[in-house]
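What follows is a single structure, written as structure tokens, with notes after it.
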Amino acid sequence: PDLLPHPATLSHYKEVLMGNFPAYIRNSMLVTFFSCAISLALGIPAAYGFAKYATEKTKPVFAAVTAVRMVPPVAMVIPFFLIIRNIHLSDTLLGLIITYIPFELTLIIWMLKNFFGQIPREVEEAAELDGANKWQRFRYITMPFLLPVLSVVLILQIKNGLTVYDIIVALTNGGPGGATESLSILIYNHGFKEVKFSYAIAEAIILTIVICAISFVQTSISNKKKVY
């Protein structure tokens, strides 16, 4: 086979973008955005507490939180399926968001806890002597140091959220009527069910470009606000 197709064409990209692809990328972005936002809102204070106010009683709690990272997501599918069904959120984007949060939250707590522990205590003590309360110390001292590692966490979370496959297949399989279908499900269906490899490849390349663009923007913003 030829290395490059002849004649070269971009028709598959056009057909993908003119079809249902925008709806599927919207589903993926909505689930990823809200699950990341909620996980960060819960994970940053939790990681800060584990790092700065650790006691003998909190160590088993932190160990239990991080132990979740060792459990394959597929192993948690049945419990999550039962929970989502009992709260009547089956086949909804909100149900997927709730399912994503525990896995994202544990990663955030695990990564940020170690980072918070490396911030010099002398810096925070100096701010306290200047009259800064806990919130002001966190907002003006800790957060600027946090931005570089937060960028890494966000990029990992976005990549995981946009490419997750197994959880969606097990919980909703993209239903009902494609309402919860994500990009990964769409790519799989085109490539392996409908044997439309050209469409699947085009969708995968577009997804890669989206992830790279988001990562570039996030990194650029963080570099502008980085504390040296």
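All of these numbers come straight from a predicted model, not from anything done at the bench. When reading the values below, keep in mind they use all heavy atoms of this one structure, side chains included, and skip hydrogens, waters and symmetry mates.
By the 4.5 Å heavy-atom criterion applied to side chains, Tyr100 and Asn160 are not counted as neighbours. Contact check for Phe80 versus Val77: no side-chain heavy atoms found under the 4.5 Å cut-off. In this structure, Val68 and Val65 have side chains that are not in contact, with every pair of non-hydrogen atoms separated by 4.5 Å or more.
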Enumerate, atom names and distances included, each donor-acceptor pair closer than 3.5 Å involving a side-chain atom of residues 208-216, sequence neighbours excluded.
unit_1, atom_1, unit_2, atom_2, d
Thr208, OG1, Ala204, O, 2.9
Ser215, OG, Ile211, O, 2.8

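Sparse packing is recorded around CE of Met29, with 12 or fewer heavy atoms of other residues, nucleotides or ligands lying under 6.0 Å away. More than 12 heavy atoms of other shown residues, nucleotides or ligands fall within 6.0 angstrom of atom CG in Leu129. The number of heavy-atom neighbours closer than 6.0 Å to CZ of Phe34, taken from other residues, nucleotides and ligands shown, is 12 or below.
Under the 3.5 Å distance criterion, the side-chain polar atoms of Gln157 are matched with a main-chain donor or acceptor of Glu104. Side-chain N or O atoms of Asp130 include none that pairs as donor or acceptor with a backbone N or O of Ala132 at under 3.5 Å.
For Ile44 against Phe116, the heavy-atom pair with the smallest separation is O-CE1, 3.6 Å.
For Glu125, the salt bridge (Lys or Arg N to Asp or Glu O under 4.0 Å) test picks out no residue, with sequence neighbours left out.
Tested against Ile98, the residues Leu89, Ile38, Thr92 include a single side chain to side chain contact (heavy atoms under 4.5 Å, CB included) partner, Leu89.
Cation-pi geometry between Lys193 and Tyr188 is not satisfied (NZ or CZ under 6.0 Å from the ring centre, within 45° of the ring normal).
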